[in-house]
Amino acid sequence: MTSHVKPLTLTGTVAVVTGASSGIGEATARQFAELGATVVLAARRIDRLTQLAKELGNKALAVEVDVADANAVQSLFDQVMSAYGRVDTLVNNAGVMLIGPAHMAPLDEWKQMVDVNVMGVLNCTKIALPYLVEAAKSAPRNVADIVNVSSVAGRKAQPGSAVYAATKFAVGAFSDGIRQELASQHVRVTLVEPGFTDTELASHINPVILEKMQAAMAQMPRMTAHEVADSISFAVTRPAGVSISEILIRPTEQER
Ligand SMILES: NC(=O)c1ccc[n+]([C@@H]2O[C@H](COP(=O)([O-])OP(=O)(O)OC[C@H]3O[C@@H](n4cnc5c(N)ncnc54)[C@H](OP(=O)(O)O)[C@@H]3O)[C@@H](O)[C@H]2O)c1
């Protein structure tokens, strides 16, 4: 008897990855395709998605979507169902981090973080749910997956990122509640909480605030997007009877 646990295949499955136009989402889409999944690439920058879909060959579909817009998300899943007829995996990864002290923050930046980081996750989950439940009843895996990308900020709030943290705490609470609701239907829910990762995320921060943070940020240890994507791939390839509920992943030298 071997002590090795055989990873679950993604061959024959369909995965929707939001925020696949850069960073962790793009890296996840690439890994899923390598592991055999057909990947639906969802984000707003369709040019980037189309380029990535080309690279992934006939196993990818690029769809322009703003996850904050429930009608657009409905149209995304209509397209997925008409192209492939199933959804096995949903990675709610799209997010924005518009940080800075509260007294300097425009209210519309806070609203954008709530709309994308919270409503985006809810819109995609709600609309994908019946398809995930259906996929979990059938071959090849008899299980389906939702992965929600939160942050270390979803566990500990800090000055300057109170609203970003609030959105990620919300993702954590939603994940744990929905995980319990879906357990008996074999839809697994995994919360992934990365620490500092080298992506485009900080590039949208107000330039005045970014300049003040630049020296501190340059010193910070960071992971690659592929290293974080690896934890997402790990979660969705566990045997059908195993559910990884939470992954907190930091660069080795990151203390908090
Ligand atoms: N980088 C880090 O240090 C870090 C740490 C912890 C957690 N995270 C989380 O990781 C996730 C991915 O971020 P990242 O670091 O990979 O940054 P990124 O490279 O900026 O990726 C963010 C992705 O979200 C998409 N997006 C933003 N607004 C959207 C909207 N309204 N509709 C659809 N897609 C939207 C972006 O695509 P478009 O602009 O093309 O729409 C992009 O593909 C986020 O949830 C972030 O909070 C990152």
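Model, not experiment: these values are computed from the prediction. Counting convention: from 1, in listed order, for ligands and their atoms alike.
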Sub-3.5 Å N/O-N/O distance, [X] and ligand 1:
X: V67; answer: yes
X: H204; answer: no
X: G19; answer: yes
X: S151; answer: no
X: I24; answer: yes

Location of contacts on [X] toward ligand 1, heavy atoms closer than 4.0 Å:
X: N93; value: both
X: V228; value: neither
X: K168; value: side chain
X: A153; value: neither

(message) Can you see whether F32 has R30 sitting over its ring - NZ or CZ less than 6.0 Å from the centre and within 45° of the normal?
(response)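 Relative to the ring axis of F32, which defines the angle, R30 lies outside at least one limit.
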
(request) Would you indicate which of E193, R44, E64 comes nearest to atom 28 (N) of ligand 1 when only heavy atoms are counted? (result)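 The option holding the nearest heavy atom is R44.
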
(message) Quick test of your reading of the structure: of V96, T18, I46, V65, whose heavy atom lies closest to atom 33 (C) of ligand 1?
(response)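 Closest candidate by heavy-atom distance is V65.
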
(message) Between ligand 1 and G195, can you find any atom pair, the residue atom being a heavy atom, that is separated by under 4.0 Å?
(response)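 Right, G195 reaches ligand 1.
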
(request) Say whether S75 and Q79, considering side chains only, have a donor N or O and an acceptor N or O under 3.5 Å apart. (result)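 A pair is found: one side chain offers a donor N or O, the other an acceptor, under 3.5 Å apart.
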
(message) Hydrogens and angles aside, do Q112 and D108 bring a side-chain donor and acceptor to less than 3.5 Å of each other?
(response)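 Distance-only check fails for Q112 and D108.
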
Check whether [X] reaches the backbone of [Y] with its side chain - one donor and one acceptor, N or O, closer than 3.5 Å.
X: S151; Y: E193; result: no
X: R188; Y: V242; result: yes
X: Q74; Y: I127; result: no
X: T125; Y: L122; result: no

(message) Using the salt bridge (Lys or Arg N to Asp or Glu O under 4.0 Å) criterion, which residues pair with E64? Sequence neighbours excluded.
(response)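 Not a single residue meets the salt bridge (Lys or Arg N to Asp or Glu O under 4.0 Å) criterion with E64.
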
